[in-house]
Amino acid sequence: MRLFFALWPDEGVRAQLARWTRELHAVCGGRPTRAENLHLTLAFLGKVEDTRAAEVERAADAVAPRSISLVLDEPGYWKGNRIAWAGATVVPPGLEAFVEELRSALAGARIGFDSKGFVSHVTLLRDAREPRAMPALDPIEWRLDGFALVRSVTLPEGSRYEIRKSWKV
């Protein structure tokens with residue numbers, strides 16, 4: 001199965017992210033992320049054998065969830081992979097420390113993950129074209145109160161994400 005750890009927005013944040021998606025889609029086109037799939041990836045594990053899923057969960061059990069406020073206030077575009085996203089101009093130190101702790105727990109348990117540096121963003125559009133100018137968007141305050149282990153299920157109409165387990169403050 002394909003797994004990743006993520007911050008999972010509540011319905012209010014999800015609705016605001018969906019609004020950003022619509023506004024960016026108007027200037028970038030592309031393929032919008034379905035609202036129910038919006039998330040912020042903390043660590044991407046990729047393919048994990050079913051027999052190791054319990055080990056993954058145990059590694060995460062060693063990491064205490066934190067209550068942190070994240071403000072998404074910066075729309076962006078990555079030309080190389082044609083992705084429009086929502087990000088934070090200031091990533092709270094507590095979030096960076098949490099991600100480091102989670103990744104350290106995974107490494108300590110010999111659970112592989114994509115070791116690229118953490119970039120605090122939510123993918124809103126794929127296959128988007130670069131906008132001439134980014135629209136000004138209202139900031140989104142996201143009160144983080146936990147994290148989730150998510151399974152990615154590939155379907156003909158696209159991926160569906162299922163929360164396998166969550167950890168709350």
Side-chain angles (χ1 to χ4, degrees), residues 3-45 60 63-106 113-152 158-169:
L3 298 175
F4 61 92
F5 283 97
L7 299 177
W8 207 254
D10 63 29
E11 289 308 312
V13 169
R14 189 173 300 285
Q16 292 175 76
L17 286 167
R19 186 172 56 249
W20 269 40
T21 299
R22 288 189 299 276
E23 292 182 38
L24 285 174
H25 188 260
V27 295
C28 298
R31 190 168 35 91
T33 301
R34 294 193 325 250
E36 64 271 16
N37 282 350
L38 292 167
H39 67 279
L40 192 153
T41 301
L42 302 169
F44 181 77
L45 281 58
V63 182
R66 295 169 176 89
S67 181
I68 301 168
S69 183
L70 176 67
V71 177
L72 300 173
D73 59 354
E74 176 182 38
Y77 179 81
W78 287 321
K79 192 174 191 171
N81 50 12
R82 302 180 61 212
I83 287 178
W85 48 268
T89 53
V90 176
V91 178
L95 177 56
E96 289 181 337
F98 172 75
V99 171
E100 179 58 35
E101 188 178 332
L102 175 62
R103 290 178 173 203
S104 291
L106 294 170
F113 60 92
D114 185 344
S115 61
K116 279 188 277 191
F118 173 66
V119 179
S120 177
H121 77 285
V122 178
T123 298
L124 302 176
L125 301 168
R126 295 184 184 280
D127 301 322
R129 58 184 179 275
E130 187 172 12
R132 293 187 192 274
M134 276 292 176
L137 299 170
D138 293 332
I140 299 170
E141 185 166 352
W142 185 354
R143 192 79 189 149
L144 309 175
D145 64 351
F147 65 105
L149 176 60
V150 183
R151 180 177 178 209
S152 175
S159 293
R160 180 182 74 227
Y161 300 146
E162 302 170 347
I163 294 179
R164 183 175 164 87
K165 183 174 178 179
S166 57
W167 292 259
K168 297 286 185 183
V169 174

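Along the sequence shown, residues are numbered consecutively beginning with 1.
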| By salt bridge (charged side-chain N to carboxylate O under 4.0 Å, His left out), which residues pair with D10, not counting sequence neighbours? | none
| field | pair L72-L17: side-chain heavy atoms closer than 4.5 Å | value | yes
| Would the number of heavy atoms belonging to other residues, nucleotides or ligands and lying under 6.0 Å from CG of N81 be above 12? | yes
| Quick one: does T33's side chain have a donor or acceptor within less than 3.5 Å of a partner on T123's backbone? | yes
| Which class fits the ring pair F44 and F4: parallel under 30°, tilted 30 to 60°, perpendicular over 60°? | parallel
| Distance, nearest 0.5 Å, that separates CG of L124 from CZ of R126 | 10.5 Å
| Taking D73 for the side chain and P139 for the main chain, is one N or O donor matched with an acceptor at less than 3.5 Å? | no
| field | Exceeds 12 heavy-atom contacts within 6.0 angstrom, atom CZ of R34 | value | yes
| Which pair of heavy atoms, one from G29 and one from L125, lies closest together, and at what distance? | O-CD1, 3.5 Å
| request: Locate the shortest heavy-atom distance separating R103 from F113; write the atom from each residue and the value. | output: O-CE2, 3.5 Å
| request: Determine the minimum heavy-atom distance between P92 and S69, stating which atoms define it. | output: CG-O, 3.2 Å
| message | Going by the rule salt bridge (charged side-chain N to carboxylate O under 4.0 Å, His left out), which residues pair with R66 if we only count those two or more places apart in sequence or in a different chain? | response | E101
| request: Among residues two or more places apart or on two chains, list those pairs meeting salt bridge (charged side-chain N to carboxylate O under 4.0 Å, His left out) that have a residue in residues 74-96. | output: K79-E130
| Among F147, W167, F118, the one residue meeting ring-ring contact (aromatic ring centres under 6.0 Å, His included) with F98 | F147
| Does a side-chain heavy-atom distance below 4.5 Å link V90 with V71? | no
| Between CD on residue E162 and CG on residue N37, distance to nearest 0.5 Å | 10.0 Å
| Side chains of L137 and L24: closer than 4.5 Å at any heavy-atom pair? | yes
| query | Less than 4.5 Å apart, any side-chain heavy atom of F5 and any of L106? | reply | yes
| Donor-acceptor pair, Y77 side chain versus A128 backbone, under 3.5 Å? | yes
| query | Going through the checks in order, is the side chain to side chain contact (heavy atoms under 4.5 Å, CB included) test met by W20 and L38? | reply | CA-CA 12 Å; W20 269 40; L38 292 167; over 6 Å; no
| Below 4.5 Å, heavy atoms only, C-beta onward: do L7 and L95 meet side chain to side chain? | yes
| field | L149 side chain near L3 side chain, heavy-atom distance below 4.5 Å | value | yes
| note | dist Q16:CD -> E11:CD (nearest 0.5 Å) comes out at 12.0 Å
| Minimum heavy-atom distance E23-A136, with the two atoms named | OE1-O, 4.4 Å
| message | Tell me the closest heavy-atom pair linking R143 and S67, and the distance in Å. | response | NH2-OG, 3.2 Å
| task | Identify the two heavy atoms, one from V169 and one from G146, that lie closest to each other, and give their separation to 0.1 Å. | result | CG2-N, 4.3 Å
| remark: Value for CZ (R14) from CH2 (W8), rounded to nearest 0.5 Å, stands at 6.0 Å
| note | When rounded to the nearest 0.5 Å, the distance separating CG of D145 from OG of S166 is 9.0 Å
| Beyond-backbone contact of L40 with L144, side-chain heavy atoms, under 4.5 angstrom | no
